[in-house]
Structure formats: C-alpha cells, structure tokens
Amino acid sequence: MRILVVGSGGREHALCWTIAASPLCEELYCAPGNAGVAQDAVCVPVGAKDLDGLIALARDKRIDYVVVGPEGPLVAGLVDRLAEAGIKAFGPSAAAAALEGSKGFMKDLCAKHGIPTAGYRRFTEAAAAKAYLREQGVPIVVKADGLAAGKGVTVATTLAEAEAAIEAAMEGDAFGAAGSELVIEEFLEGEEASFFALVDGETALPLATAQDHKRVGDGDTGPNTGGMGAYSPAPVLSEARCQEVMERIILPTVRGMKAEGRPYKGVLYAGLMVAPDGAIRLLEYNVRFGDPECQVLMMRLMSDLLPALIATTDGVLSSFDLRWYDEAALVVVMAAKGYPGAYEKGSAIRGLEDAAQNDDVMVFQAGTKAGPEGEILANGGRVLGVTAIAPDIAEAQARAYQAVDRIDWPEGFCRRDIGWRAVGR
Ligand code: AMP
Ligand code: GLY
C-alpha cells in the first residue's frame with residue numbers, strides 16, 4: 001500500500017517509524033514531516049492545515065491510505081474531504097472530531113449518556129459566566145470551547161484569575177473563535193492518566209495507558225507545555241480500572257456518538273482523573289494520538305499497527321486483537337531553551353546516532369530540519385523525544401536519560417524527573 005501520514009511532530013515520526021516496518025507498506029510519504037521522519041518516509045512540503053494541498057498530494061502520489069496525526073485537520077474535515085475524493089483515511093470525520101473540537105459538545109454528550117465527568121455549564125456571555133463563577137466559587141476551571149493549542153484551559157484558584165480567563169477569551173479574543181464560547185467546570189482532584197482506544201464506529205479496542213508531564217519544570221512546576229515527557233503503562237490504571245473506563249466511559253461514548261449520527265472512527269484518547277477515592281472521571285477527549293504519548297505506545301506495540309488502523313476505518317475491529325510488550329516505555333522530550341516561551345531555531349544537534357545505538361532506545365524527532373550538510377538542526381519548541389523501553393519504568397527512565405546525556409545540544413534542555421510518580425510508587 002501507498003501510505004501518507006499527515007503531520008510534523010514526534011507523534012508523526014513514531015507513526016512513520018512504525019508504519020514503515022509494516023509488510024503492508026510499500027511506499028510511505030509524510031506531509032510535511034521533519035528531518036527524523038525523512039529516515040522512514042518521503043517528506044513532502046505540504047502543511048497539515050493545507051487541506052487542498054493534501055488532497056492534491058494524495059491524488060498525485062496515488063495514496064491508498066492516509067493517517068492523520070494532529071487534531072487541526074481532523075476538526076477541519078480532512079477525513080471527510082479525502083472520503084469525497086475516494087481516499088480512505090484514519091481519523092474521525094469533522095462531525096465526530098467535535099469530541100475534541102468543542103468542549104461544550106463533549107460535555108453535553110457526557111451529560112446525555114451518563115458518562116462520568118466534572119459538573120459544568122456552557123456560556124456565550126461573559127456576564128453570565130462571571131455570575132456563575134461567583135455562585136460556584138474557587139477552585140474552578142475555565143475552558144475555551146474550541147481548539148486552542150493546549151492553552152485554552154485555566155485552572156483558577158482565585159476569582160480574579162477565573163474572571164481574567166473569561167475576559168481574555170470572550171472580551172480580549174485570546175483564542176479567536178475558539179474562545180467565543182466557554183465551559184466552566186468543577187475542579188477535580190486526583191491523579192491524571194490517559195487511556196487510548198481504537199474505535200470503528202461500533203466497537204472499541206483498548207490500546208494502552210500512559211501518563212504525561214505537561215509542566216515545563218521539574219516537580220511539575222512552571223507553565224504548561226504540549227508535554228515534556230510520558231510513560232506507558234500508567235500504574236494508576238490497573239486492569240480493573242481499565243475495564244471500568246471501557247464500560248463506563250469509552251463504550252457509552254461510542255454508542256452515544258452513533259446515536260447522535262456522528263459515528264466515531266479513529267483513536268480516542270481519554271484524559272482521565274482518578275480521584276483519591278478511586279472514582280474515575282473523564283477530563284477531556286482528544287481525537288488523535290497524544291504527543292509524546294504516541295512515542296511510548298509505538299515502542300510497546302508488538303503487532304503490526306497498519307492493519308489495525310485500516311480495520312478501524314473499515315469497521316471490522318471486533319475481530320481484531322493487538323499484542324503489546326509487557327515492558328514499560330518512557331520518553332523524555334528535549335526542547336529548545338526558552339520553550340514554551342520564545343526560543344531560537346537553527347542550533348546544531350549532535351550525538352543522535354550514539355544516543356540511539358541500542359535497540360531499546362529510539363530518538364523520535366519533532367521540530368528538526370536537515371542543514372546543508374545533512375546535519376540535524378533545531379527547528380521548533382519541542383525538538384526530540386528520547387524514548388526507551390525496559391522491564392520497568394525505573395529502568396526505562398535510566399536508559400532514556402543515559403541516551404539524553406549522549407546528545408550534544410547545548411541550546412536544548414529537558415526535565416530530569418520524567419516518570420517520578422511511577423518510579424516512586
Ligand atoms: P484539558 O485540555 O481539558 O485536558 O485540560 C488541560 C489540563 O487542565 C488537564 O490535563 C488537567 O491538568 C487540567 N484540568 C482540566 N479540567 C480539569 C478539571 N475539571 N479539574 C482539574 N483539572 C483540570
Ligand atoms: N501530550 C498531550 C497531548 O497530546 O494532548
């Protein structure tokens with residue numbers, strides 16, 4: 001098959017690395033990809049938001065199957081557009097991608113179908129939102145309804161903070177159209193974890209669990225980022241809890257989406273909160289693989305991914321099974337100094353081959369590009385995902401940091417404590 005992967009991050013490098021190894025894959029393209037992806041796929045400079053360009057590319061290269069990495073093109077309807085062009089693709093339709101594209105839609109679906117989540121209200125007027133805020137008190141969580149590149153959520157511990165979040169979104173236009181509607185919801189306490197499942201419209205196949213570190217600094221301090229590291233499995237999600245997540249959250253969502261006339265196909269990424277008393281509630285849905293969670297999932301996957309993705313699209317997951325290594329995987333993200341604020345591009349990264357010389361380590365690349373001599377240059381905020389697999393998380397952590405220490409990139413940094421919670425358990 002001729003495959004096209006859409007996106008340019010570490011997630012897409014992990015997907016291309018995995019798909020390239022499939023005996024089903026004859027030719028692999030990635031749009032736009034990065035310097036690491038170029039080791040596994042032919043990179044074509046068409047951006048993930050350029051829907052017309054992607055359709056033209058898929059036609060030109062006679063692509064049999066497209067795998068869409070990021071949420072933007074899914075919410076914008078890329079899979080629908082490809083279907084109209086007669087090209088099969090992995091990922092939800094725009095109508096189904098509303099699970100991530102509209103937090104209000106997702107919360108209403110939960111309310112309607114009895115899916116456990118934080119109590120909430122939706123608002124289109126700042127004054128009404130503020131009145132509700134004063135009634136509820138703090139802590140409270142203010143969320144922009146639409147896609148906001150991970151910046152749309154404010155967990156407020158003071159009324160002033162929550163009011164500022166409302167004003168920034170609704171009056172200050174901080175998130176454009178994404179912030180013209182808000183969800184205000186109950187603050188939940190506990191331990192966060194992620195659960196991934198493939199969904200084919202009718203049935204769901206659980207994949208694996210993971211936990212990530214969103215804050216930029218050690219000890220989970222400092223500003224939020226796209227994710228500074230992750231590991232799989234998540235110890236807090238025991239087998240019994242995974243079963244509960246399937247029965248109380250994932251499967252009711254699959255049935256609910258079908259009933260709404262928006263059958264969901266693709267990977268469903270549930271962000272969960274496990275309360276101190278063990279109750280599990282849904283924080284959010286994403287309609288794609290996590291980044292960097294995808295990197296650890298792909299390290300742990302024993303089976304061929306590509307037929308599972310195609311079975312998802314074809315609606316035949318019920319007869320499907322995937323095998324996983326029991327081992328744990330952990331990824332440390334190396335970012336350009338300054339991220340998630342301003343950072344420089346163009347610094348040289350050395351030592352990548354030395355870092356990944358053992359089979360149990362993979363350095364997935366995110367914001368990189370090749371320089372004139374073929375050298376690897378930093379070209380984004382999150383730049384590398386140094387990923388290791390080992391019998392347990394502590395050992396995976398040790399191997400990942402050994403590899404990090406072999407990388408020569410003075411302009412980069414990473415957290416030194418990825419996995420601390422699981423290692424300390
Ligand atoms: P979301 O984009 O909805 O996942 O929100 C981003 C982050 O905000 C989550 O990973 C949580 O750390 C936090 N968060 C979101 N909703 C809540 C909530 N209801 N209670 C506590 N923390 C939350
Ligand atoms: N790592 C979090 C995400 O992909 O949304």
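Both ligands and their constituent atoms are indexed starting at 1 by order of listing.
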For atom 2 (O) of ligand 1, what's the nearest protein heavy atom and its distance?
Glu284 OE1, 3.2 Å
Is a salt bridge present between Glu163 and Arg134, judged by a nitrogen-to-oxygen distance below 4.0 Å?
yes
Min over Thr154, Leu283, Asn224 of heavy-atom distance to atom 23 (C) of ligand 1 lands on Leu283
Which distance, rounded to the nearest 0.5 Å, do you find between the OG of Ser347 and the CH2 of Trp409?
5.5 Å
Which residue holds the protein heavy atom closest to atom 5 (O) of ligand 2, what is that atom called, and what is the gap in Å?
Arg288 NH2, 2.9 Å
Among all the protein's non-hydrogen atoms, which is closest to atom 13 (C) of ligand 1, and how far away is it?
Val155 CG2, 3.9 Å
The answer for which part of Arg11 has a heavy atom under 4.0 Å from ligand 2 is neither
Give the atom numbers and elements of ligand 1 that come within less than 4.0 Å of a heavy atom of Phe187.
20 (N), 21 (C)
Within the 4.5 Å heavy-atom criterion, are Phe187 and Glu189 side-chain neighbours or not?
yes
When rounded to the nearest 0.5 Å, the distance separating OG1 of Thr124 from CG of Leu182 is 9.0 Å
Ligand 2 contact on Tyr269 by region, counting heavy-atom pairs under 4.0 Å
side chain
Below a 4.0 angstrom heavy-atom separation, can you tell me which part of Met228, side chain or backbone, both or neither, approaches ligand 2?
neither
With side chains defined as the heavy atoms from C-beta onward, is the minimum distance between Leu301 and Trp324 less than 4.5 Å?
yes
Val141 N/O under 3.5 Å from ligand 1 N/O
no
Near Gly290 (heavy-atom distance under 4.0 Å), the atoms of ligand 2 are 4 (O)
The protein heavy atom nearest to atom 9 (C) of ligand 1 is Glu192 OE1, 3.5 Å
Which atoms of ligand 2 sit under 4.0 Å from any heavy atom of Glu293?
1 (N), 2 (C), 4 (O)
Got the closest protein heavy atom to atom 20 (N) of ligand 1, with its distance?
Leu188 N, 2.8 Å
Which atoms of ligand 2 are found less than 4.0 Å from any heavy atom of Gly226?
1 (N), 2 (C)
Does Glu189 have a heavy atom less than 4.0 Å from any atom of ligand 1?
no
Pair Lys143 + Glu284, salt bridge at N-O below 4.0 Å:
no
Nearest heavy-atom pair of Val331 and Thr387: which atoms, and what distance?
CG2-OG1, 3.3 Å
Counting from 1 in the order shown, the ligand 1 atoms closer than 4.0 Å to a non-hydrogen atom of Glu185 are 16 (N), 17 (C), 18 (C), 19 (N)
Within 4.0 Å of some non-hydrogen atom of Lys214, the atoms of ligand 1 are 10 (O)
Closer than 4.0 angstrom, basic N to acidic O: yes or no for Glu186 and Arg281?
yes
Mind checking whether Phe289 has an N or O less than 3.5 Å away from an N or O of ligand 2?
no
Are Asp220 and Lys214 ion-paired here, with the side-chain N under 4.0 Å from a carboxylate O?
no
Is there a polar contact, in the sense of an N or O pair closer than 3.5 Å, between Asp291 and ligand 2?
yes
Would you give the length of the straight line joining atom CE of Met246 to atom OG1 of Thr253, rounded to the nearest 0.5 angstrom?
10.5 Å
What are the atoms of ligand 2, with element, lying closer than 4.0 Å to any heavy atom of Asp212?
1 (N), 2 (C)
Identify whether the distance between the nearest side-chain nitrogen and carboxylate oxygen of Glu260 and Lys112 falls below 4.0 Å.
yes
Within the 3.5 Å criterion, strictly below it, is a donor on Arg215 or Thr221 matched to an acceptor on the partner's side chain?
no
Please report which non-hydrogen protein atom sits nearest to atom 16 (N) of ligand 1, along with the residue it belongs to and the distance in Å to one decimal place.
Lys143 NZ, 3.0 Å
Geometric class of the Trp17/Phe364 ring pair [parallel <30°, tilted 30-60°, perpendicular >60°]:
perpendicular
Record the part of Val153 in heavy-atom contact with ligand 1 below 4.0 Å; permitted values are side chain, backbone, both and neither.
side chain
